[in-house]
Amino acid sequence: VGIFGNVQQQTLEVVYDVAGGKLGFGPGKCS
Amino acid sequence: RQATESRRLQHAHTVKISSLLPASVCTSTKGNIKKASLKVVHRHGPCSQLSKDKANAPTLSEILSHDQSRVNSIQSRIAFNSRKNSLEDSQATLPSKSGSSLGSGNYFVTVGLGSPKKDLSLIFDTGSDLTWTQCEPCVRYCYKQQEPTFDPSKSATYSNITCTSPLCSQLSSATGNSPGCSSTTCLYGIQYGDQSFSVGYFGKEKLTLTSTDVVNDFLFGCGQNNQGLFRGTAGLLGLGRDKLSLVSQTSQKYGKYFSYCLPSMSSSTGHLTFGNSGTSSGVKFTPLLTDSQSPSFYFIDITAISVGGRSLSISKSVFSTAGTIIDSGTVITRLPPAAYSAMRTTFRQLMKNYPMTDALSILDTCYDLSNYTTVTIPKINFFFNGNVNVALDLTGILYAASASQVCLAFAGNSDATD
């Protein structure tokens with residue numbers, strides 16, 4: 001598999017809606 | 001020429017070299033604190049209380065080497081699951097180990113366990129399921145950790161799970177190993193691909209996420225023999241999709257909904273938040289896929305990549321052949337060979353004015369920028385199914401060991417079917 005790693009996830013808002021079957025990316029929320 | 005230059009700069013980051021290097025001080029402790037929200041800290045960054053032992057801190061090269069161990073392990077675990085259905089039952093054909101490597105486990109959160117609660121810093125990992133911490137009396141071995149080791153005998157709310165409990169048998173899918181039994185107490189064992197492991201009692205305990213968010217009877221591993229790359233942290237928080245993960249155990253409370261923001265190493269703290277607070281504006285969603293062979297991983301579909309505004313020529317089948325997972329515990333993104341090759345070629349073209357230098361472990365596109373004050377770096381965008389366009393932060397494009405060794409922060413898999 002390819003793997004989307006944590007360096008590339010830095011500063012993005014990553015949302016796991018597991019029950020809803022979707023994963024979200026949002027603009028940086030932790031800076 | 002001006003128009004071309006303007007277009008080039010529109011698709012590039014222009015930054016000071018100093019901003020690429022790890023900061024030496026924690027610049028902020030703000031983070032995005034919400035209900036059921038935990039502070040996320042980089043394990044080796046300046047905001048970490050766990051990073052004071054500089055002498056034993058891993059080098060960047062060691063971090064990348066550990067990262068490769070984790071990736072190898074994930075690949076073999078998924079390949080093993082895939083092969084399992086296509087082979088007749090034959091013990092001789094099966095690998096002796098499974099489970100993912102912890103790698104460098106870069107990010108951790110601090111939770112409270114027991115009554116009265118004891119604070120514990122746990123690596124948070126969407127690539128594994130069982131939560132465990134080191135426990136007294138450390139029957140066989142406990143590595144050194146920052147906080148006092150959890151002692152269940154001093155907690156009013158701890159109890160062991162018995163061997164005959166149906167909960168005990170759930171360990172098989174969560175750990176990849178059949179549970180054991182000591183007297184009447186259920187035993188778990190989890191071994192990771194880099195030889196790290198934890199073995200201990202399977203118990204339940206009160207877990208305090210925040211002062212207002214408490215999970216009673218949380219099932220976890222009380223480790224009595226723990227060895228490997230966990231140094232400093234008290235254990236691991238499993239956020240995969242198995243029944244025993246924290247996400248599944250709190251499904252009634254948080255609806256299997258969580259979010260996080262990982263800080264760049266130099267920029268303070270992030271958050272790990274459980275539940276839908278409804279405040280995530282500007283978030284775009286891609287379908288979350290499930291692989292029946294490896295159901296605990298979070299699969300997503302990459303459809304395209306652009307570098308410096310140029311869409312890379314990559315057939316969609318390159319991504320769909322093996323699929324992609326998102327993992328908070330893997331450091332460097334791994335791409336199928338054809339996709340990485342296309343990215344590297346374009347990135348090198350756009351960086352041709354800068355001198356290249358030696359590779360850094362798995363990173364083969366590195367530059368010596370020590371003679372520059374500012375540099376212009378191509379922007380990189382990932383496109384996911386559902387028309388989701390993610391512009392990577394600069395910290396997701398470059399991985400800097402020093403000003404003289406700044407590398408493209410991607411690596412390719414060795415096999416297109418990995």
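Source: prediction; values computed, not measured. To find a chain, count down the sequence lines: A is the first, B the second, and so on, and within it residues start at 1.
For NZ of B/Lys243, the number of neighbouring non-hydrogen atoms (other residues, nucleotides, ligands) closer than 6.0 Å is 12 at most. More than 12 heavy atoms of other shown residues, nucleotides or ligands fall within 6.0 angstrom of atom NZ in B/Lys253.
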May I have the step-by-step check of side-chain contact (heavy atoms from CB on, under 4.5 Å) for A/Phe25 and B/Val283, ending in yes or no? CA-CA 5 Å; A/Phe25 292 102; B/Val283 175; 5.8 Å; no

- Message: Go through it in stages, so that I can follow the logic: the residues are B/Thr324 and A/Ile3, the test is side-chain contact (heavy atoms from CB on, under 4.5 Å), and I'd like the CA-CA distance, side-chain angles, deciding distance and then a yes or no.
- Response: CA-CA 5 Å; B/Thr324 303; A/Ile3 304 174; 5.9 Å; no

With side chain to side chain donor-acceptor pair (under 3.5 Å) as the criterion, how do A/Gln10 and B/His42 come out once you've worked through the C-alpha distance, each side chain's angles and the decisive distance to 0.1 Å? CA-CA 11 Å; A/Gln10 282 177 1; B/His42 197 290; 5.0 Å; no

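The salt bridge (charged side-chain N to carboxylate O under 4.0 Å, His left out) check on B/Asp327 picks up B/Arg70, with sequence neighbours excluded. With sequence neighbours left out, the ring-ring contact (aromatic ring centres under 6.0 Å, His included) criterion links B/Phe124 to B/Tyr260.
Judged purely by atom type and a 3.5 angstrom limit, A/Gln8 has no side-chain atom pairing as donor or acceptor with the backbone of B/Thr395. At distances below 3.5 Å, not a single donor-acceptor pair connects side-chain atoms of B/Asp393 with backbone N or O atoms of A/Leu12. A donor-acceptor contact shorter than 3.5 Å links the side chain of B/Thr333 to the backbone of A/Gly5. With A/Gln9 contributing its side chain and B/Cys261 its backbone, the two residues share no donor-acceptor pair below 3.5 Å.
Proximity to chain A (any heavy atom under 4.5 Å) is shown, for B/Ser248, by neither the backbone nor the side chain. For chain A, no part of B/Ala411 is nearby; none of its heavy atoms comes within less than 4.5 Å.
Inter-residue side-chain proximity for B/Tyr257 and A/Val18 is flagged as unmet; no heavy-atom pair is nearer than 4.5 Å. Counting heavy atoms from C-beta on, the side chains of A/Val7 and B/Tyr399 come closer than 4.5 Å. A/Val1 is listed as a side-chain neighbour of B/Phe299, based on a closest heavy-atom distance under 4.5 Å.
Separating the CG atom in B/Leu288 from the CG atom in A/Leu23 is a distance of 5.5 Å, to the nearest 0.5 Å. The distance from the CZ atom of B/Phe384 to the CZ atom of A/Phe4 is 4.0 Å, given to the nearest 0.5 Å. Within the model, atoms CG of B/Asp67 and CG of A/Asn6 stand 7.5 Å from one another, a figure rounded to the nearest 0.5 Å. The structure places CG of B/Leu262 at 10.0 Å from CD of A/Glu13, a figure rounded to the nearest 0.5 Å.
The greatest number of non-hydrogen atom pairs below 4.5 Å with chain A, out of B/Val40, B/Ile326, B/Thr321, B/Thr290, is found for B/Ile326. No other option in B/Ile397, B/Leu392, B/Thr286, B/Leu239 has as many heavy-atom pairs under 4.5 Å with chain A as B/Thr286.
The two atoms that bring A/Ala19 and B/Gly255 nearest to each other are CB-O, 3.6 Å, heavy atoms only.
Using a 30° and 60° split on the angle between ring planes, A/Tyr16 and B/Phe258 fall in the parallel class, below 30°.
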